[in-house]
Protein chains: 2
Amino acid sequence: MNKVLPVVENCASCPIRHRAVCARCDDDELEQLNQIKFYKTYAAGQTIAMRGDALDVVASVVAGTATLERAIEDGRTQLVGLLLPSDFIGRPGRDTLQYDVTAVTDVTLCCFQRKPFEALLTRIPHVQERLLEMALDELDAARDWMLLLGRKTAREKIASFLMLIAKRTVHPDGQVLGDTSRIELPISREAMANFLGLTIETVSRQFTGLRKDGVIALDGNRNVRIPDLETLLLESGDDSDGGPLI
Amino acid sequence: MNKVLPVVENCASCPIRHRAVCARCDDDELEQLNQIKFYKTYAAGQTIAMRGDALDVVASVVAGTATLERAIEDGRTQLVGLLLPSDFIGRPGRDTLQYDVTAVTDVTLCCFQRKPFEALLTRIPHVQERLLEMALDELDAARDWMLLLGRKTAREKIASFLMLIAKRTVHPDGQVLGDTSRIELPISREAMANFLGLTIETVSRQFTGLRKDGVIALDGNRNVRIPDLETLLLESGDDSDGGPLI
DNA sequence: ACCCTCCGTTGATCTGTGTCAATGCGCAGC
DNA sequence: GCTGCGCATTGACACAGATCAACGGAGGGT
């Protein structure tokens with residue numbers, strides 16, 4: 001518990017700068033951002049924030065994986081966001097959080113106090129613009145996700161999830177790769193079930209099914225090899241023309 | 001077909017101005033918006049735009065109901081957005097549309113050519129801010145919707161939908177009402193099925209079930225009376241603390 | 001080595017919702 | 001009035017995925 005986690009020095013060195021909030025800032029603007037930011041780390045399993053919490057910071061994920069969850073009292077839980085490096089948490093202009101945020105691996109956040117950040121937005125308009133762009137990207141992702149939840153079969157859901165992770169895999173050098181022949185699942189079977197609107201048993205059975213049919217190969221629980229990406233794409237029921245590989 | 005639809009003169013007279021993109025504009029700024037805008041009407045059933053279309057306008061819904069749909073080739077369709085008066089269509093910064101947009105009733109749109117609108121955004125920062133706010137509201141709505149699609153039963157889905165429509169009902173004078181004792185469904189059973197990730201048969205059966213249990217009363221196909229709102233809320237499986245009634 | 005816990009897998013069975021098919025109802029056109 | 005069409009309802013049945021239960025394997029603590 002509470003291991004010492006690596007600390008990142010500043011946004012300019014963020015491996016994910018090209019997608020993060022400061023993507024288009026010049027050195028001067030980065031300096032302004034640097035003055036109001038700080039890093040925070042959470043160990044795997046820790047709760048970062050809970051639904052209803054007053055939210056006085058906004059943040060970017062620098063490293064690790066976190067989840068956004070919505071739950072019903074009786075325990076049913078739906079993942080409503082998967083936060084990977086470069087994703088943004090929190091919303092300028094609203095001060096309570098609507099969801100539970102949990103670190104599923106060790107997570108490093110680049111945080112900004114909300115008030116000074118909002119003030120900064122008015123001075124650096126293209127950060128505002130970037131936020132809008134990110135929000136709309138997330139909205140698109142949420143809508144694809146809705147198609148998955150409402151209309152896809154269990155097998156298609158799993159295949160779609162694998163494609164999603166493959167596409168979003170970010171390598172240590174910051175490049176978003178199309179390397180989809182081997183992926184590492186960032187979350188447990190349970191989290192996947194909550195992501196896809198399934199039970200863990202069904203998730204497990206579908207993995208077995210895909211393995212038996214030669215669509216994927218499992219190497220431990222978290223490593224998936226994909227011999228033929230085309231086949232997996234077919235299984236996913238996706239007819240998207242690719243779209244941005246973000 | 002193609003009846004004469006009423007024309008709205010300018011944003012300032014929009015009945016829904018308080019929630020639309022120009023919510024916080026002063027007269028001078030409204031004038032700037034007026035110069036690049038125009039109105040367009042669509043008859044019920046018309047396609048407003050299709051997935052993949054080049055999108056050179058953005059728009060606000062002034063009157064009527066439209067849907068945003070995502071479909072798989074085999075015909076399975078999921079509604080990913082329900083556009084009611086004051087909702088915004090299109091995204092500054094991206095030039096193709098990801099979804100099919102259809103008018104389900106006669107619809108009046110307040111349109112802006114995208115390029116001049118984007119130029120205007122840089123001059124009127126609080127419109128940009130307003131767009132971000134609306135995008136984030138939509139994201140919140142999408143996430144609640146994901147919980148519904150992934151984890152709720154058919155009955156809960158119907159009850160949630162009724163609550164949603166009740167909350168969003170806008171009266172002609174522009175006031176968002178809490179009048180939830182009688183609502184008019186803006187969409188057909190089929191569209192509801194696509195909204196909720198169900199089949200029309202299941203939607204129908206759930207309506208019948210709720211009626212037989214005295215939770216709702218039906219007056220024709222599109223009119224629902226809700227004797228006791230608390231009961232319906234209970235059925236919806238929602239434990240949200242209300243949140244903004246938007 | 002042992003136990004224990006956590007996580008994932010597999011099996012047997014149940015059930016909510018989908019599927020297929022028939023029927024009902026309102027409304028427009030003639 | 002009748003007919004035809006679109007939409008909604010109802011019924012019988014099938015099946016995908018949930019539920020309940022047992023088991024397996026990896027890793028950590030002692």
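Each chain gets a letter, A, B and so on, in the order its sequence line appears, and its residues count up from 1. Note that the structure is predicted; figures quoted are calculated from it, not measured.
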Heavy-atom donor-acceptor pair, [X] side chain to [Y] backbone, under 3.5 Å:
| X | Y | result |
| --- | --- | --- |
| A:T105 | A:T65 | yes |
| A:R151 | B:L198 | yes |
| A:Y99 | A:T67 | no |
| A:R211 | A:I216 | no |

If I take atom [atom1] in residue [X] and atom [atom2] in nucleotide [N], what distance separates them, rounded to the nearest angstrom?
| X | N | atom1 | atom2 | answer |
| --- | --- | --- | --- | --- |
| B:I158 | D:dT9 | CD1 | C1' | 14 Å |
| B:L185 | D:dC7 | CG | C1' | 14 Å |
| B:L218 | D:dA8 | CG | C1' | 11 Å |
| A:E190 | D:dA18 | CD | P | 14 Å |
| B:D219 | C:dC25 | CG | P | 16 Å |
| B:L196 | C:dG18 | CG | C1' | 15 Å |
| A:D74 | D:dT19 | CG | P | 10 Å |
| A:R76 | D:dA18 | CZ | P | 13 Å |

**Prompt:** Which nucleotide, D:dG17, D:dA8, C:dG18, lies nearest any side-chain atom of A:L198?
**Reply:**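 It is D:dG17.
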
**Asked** Where each residue is assigned the nucleotide of DNA chain C containing its nearest heavy atom, which of A:R211 and B:T153 is assigned the position nearer the 5′ end?
**Response** A:R211

**Message:** Quick check: closest heavy atoms across A:F195 and A:L79, and the distance to 0.1 Å?
**Reply:**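 Minimum heavy-atom separation between A:F195 and A:L79: CA-CB, 3.6 Å.
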
**Prompt:** Roughly how far, to the nearest 0.5 Å, is CG of B:L149 from OG of B:S160?
**Reply:** 10.5 Å

**Request:** Output yes when at least one side-chain N/O atom of B:S188 is less than 4.0 Å from OP1 or OP2 of D:dC7, else no.
**Result:** no

**Prompt:** Looking across every strand, which nucleic acid part, if any, lies under 4.0 Å from A:G197 by heavy atom: base, sugar-phosphate, or nothing?
**Reply:**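 Answer is sugar-phosphate: A:G197 comes under 4.0 Å of backbone atoms only.
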
**Request:** Using a cut-off of strictly less than 4.0 Å between a heavy atom of the residue and any atom of DNA chain C, enumerate the qualifying residues of residues 200-209 of chain A by number.
**Result:**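 When residues 200-209 of chain A is checked for heavy atoms under 4.0 Å from DNA chain C, the hits, listed by number, are A:E201, A:S204, A:R205, A:T208.
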
**Message:** With a 4.5 Å cut-off on side-chain heavy atoms, are A:E235 and A:T153 touching?
**Reply:**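 A side-chain contact is absent here, since even the closest heavy-atom pair is not under 4.5 Å.
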
